[in-house]
Amino acid sequence: MAIAARKQPLYDQLVDILTEKIEHEYRPGDLMPSERELSKHYGISRTTVRLALQELERLGLVVRQHGRGTFVADRSVQATNLSQTYSFTVQMREMGRVPSTTILEFCEIEADKNLAESLRVHIGDKLYKLKRLRSADDMPMMVERTYLPMRKFMSLKRPMLEHSALYDVIERDFHETIRVAEEEFFASIARPADAHLLDIGEGAPVLELVRTTYDMRNEIIEYTLSVARADQFKYKIFHYRNE
């Protein structure tokens with residue numbers, strides 16, 4: 001079935017056709033036809049098909065997984081309320097999903113200018129760097145890079161983080177009470193290394209998050225940079241009107 005010759009670009013027409021199918025025929029998680037199949041069925045080039053699929057991915061309608069194909073995105077993902085929770089483990093459990101964490105890196109580093117400013121420490125101060133892959137129901141969800149001031153957590157060891165959530169370790173083992181966590185987030189695209197870990201296509205839409213956590217003395221005890229799959233996270237914030 002060839003796409004009609006119109007002024008509308010061919011890839012744009014294919015986007016409309018596939019969007020209609022996603023809305024009314026396909027179900028979340030369904031495997032989409034391959035580029036070759038779509039090219040043959042609609043009588044257009046694979047380059048045009050690829051452009052259409054990239055646009056659908058940008059719109060959050062599909063997820064492309066390297067070596068596996070293109071899948072219909074699940075847009076019913078429950079929203080996370082940023083005003084009340086900041087723990088990935090808590091978020092996932094509240095959604096009825098089973099969270100898991102893989103520690104990819106745990107090491108000591110020296111604060112550069114940017115990290116020193118973000119953590120309110122001096123350039124060259126010792127920090128712990130913790131890189132983790134966060135998953136839910138065995139699906140990669142988020143890559144986190146966390147920085148902790150070493151002076152507050154001198155006895156921190158990797159095994160402690162392999163058996164307990166970070167915030168549990170902070171509060172239970174180091175007696176630091178978390179007062180508040182500030183979180184900013186913005187849309188971005190997946191860089192190669194993160195795309196590989198998250199099992200999504202390079203350049204796929206992601207959410208980047210910056211979290212700064214404070215203790216009761218208003219001192220920063222955690223600074224985390226996260227990259228989350230845009231097809232798996234929706235954030236919800238409540239705004240209350242002052243009378």
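Quick caveat, the model's predicted, so the values are computed rather than measured.
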Are Tyr42 and Val49 close enough that some pair of their side-chain heavy atoms sits under 4.5 Å apart? no
Is there side-chain contact between Tyr223 and Leu127, with at least one heavy-atom pair below 4.5 Å? no
Are Met154 and Leu148 connected, step by step, through hydrophobic side chains (Ile, Leu, Val, Met, Phe, Trp, Tyr) whose heavy atoms are closer than 4.5 Å? yes
Check: Glu144 and Arg211 side chains under 4.5 Å, non-hydrogen atoms: yes
Please test Asp194 against Arg145 for salt bridge (charged side-chain N to carboxylate O under 4.0 Å, His left out), starting from the C-alpha separation and ending with a verdict. CA-CA 11 Å; Asp194 291 331; Arg145 295 168 178 84; 2.9 Å; yes
Residues in ring pair (Phe, Tyr, Trp, His ring centres under 6.0 Å) contact with Tyr128, at least two apart in sequence or another chain: Phe106
By side-chain hydrogen bond (donor to acceptor under 3.5 Å, both in side chains) - contacts of Thr146 (at least two apart): Thr224
Which of Leu18, Asp30, Thr70 passes side chain to side chain contact (heavy atoms under 4.5 Å, CB included) with Val62? It is Thr70
Kindly write out the residues that satisfy salt bridge (Lys or Arg N to Asp or Glu O under 4.0 Å) with Glu162, not counting sequence neighbours, or none if the list is empty. Arg158
Value rounded to 0.5 Å, distance of CD in Glu20 from CD1 in Ile17: 10.0 Å
Once salt bridge (Lys or Arg N to Asp or Glu O under 4.0 Å) is applied, do any residues pair with Asp137, and if so which ones, sequence neighbours excluded? Arg97
A quick test of your reading: do over 12 heavy atoms of other residues, nucleotides or ligands sit less than 6.0 Å from CD of Glu25? yes
Side-chain hydrophobic cluster, 4.5 Å single linkage: members besides Met216: none
Audit row: Arg36, Lys40, side chain to side chain contact (heavy atoms under 4.5 Å, CB included) steps and yes/no: CA-CA 6 Å; Arg36 183 188 300 275; Lys40 182 178 179 180; 5.7 Å; no
Euclidean distance, Leu225 CG relative to Thr212 OG1, rounded to 0.5 Å: 8.5 Å
Can you check whether Glu222 reaches Leu166 side chain to side chain, under 4.5 Å on heavy atoms? yes
For Glu219 and Arg120: C-alpha separation, side-chain torsions, deciding distance, then whether salt bridge (charged side-chain N to carboxylate O under 4.0 Å, His left out) applies. CA-CA 8 Å; Glu219 295 179 350; Arg120 297 181 188 166; over 6 Å; no
So CD1 of Ile103 and CZ of Arg132: to nearest 0.5 Å the spacing works out to 7.5 Å
Check step by step if side chain to side chain contact (heavy atoms under 4.5 Å, CB included) holds for Leu14 and Leu10. CA-CA 6 Å; Leu14 183 58; Leu10 293 178; over 6 Å; no
Using the rule side chain to side chain contact (heavy atoms under 4.5 Å, CB included), only one of Leu130, Ile220, Ile109 pairs with Tyr147; which is it? Ile109
Nearest non-hydrogen partners of Asp112 and Leu115, listed with the distance: OD1-N, 2.8 Å
Any side-chain hydrogen bond (donor to acceptor under 3.5 Å, both in side chains) involving residues 196-209? Give me the pairs, sequence neighbours left out, ordered by first then second residue. Ser188-Glu208, Arg191-Glu208
List in chain and number order the residues that pass ring pair (Phe, Tyr, Trp, His ring centres under 6.0 Å) with Phe153, two or more places apart in sequence or in another chain; answer none if no residue qualifies. Phe174
Would you mind reporting whether Arg172 and Ser164 have side-chain heavy atoms less than 4.5 Å apart? yes
Just jot down the side-chain hydrogen bond (donor to acceptor under 3.5 Å, both in side chains) partners of Ser39, sequence neighbours excluded, or say none. none
Nearest heavy-atom pair of Arg179 and Asn218: which atoms, and what distance? NH2-OD1, 2.6 Å
List for me each residue that meets salt bridge (Lys or Arg N to Asp or Glu O under 4.0 Å) alongside Glu35, sequence neighbours excluded, and say none if there are none. Arg46, Arg50
Surrounding CG of Asp138 (heavy atoms of other residues, nucleotides or ligands, distance under 6.0 Å), is the total greater than 12? no
Set of residues satisfying salt bridge (Lys or Arg N to Asp or Glu O under 4.0 Å) with respect to Glu176, sequence neighbours excluded: Lys152, Arg217
Leu133: hydrophobic cluster co-members (side-chain, 4.5 Å): Val63, Leu104, Val143, Leu197, Leu198, Ile200, Val206, Val227
Ser45 meets the side-chain hydrogen bond (donor to acceptor under 3.5 Å, both in side chains) criterion, sequence neighbours left out, with Thr48
Does His122 have more than 12 heavy atoms from other residues, nucleotides or ligands lying within 6.0 Å of its NE2? no
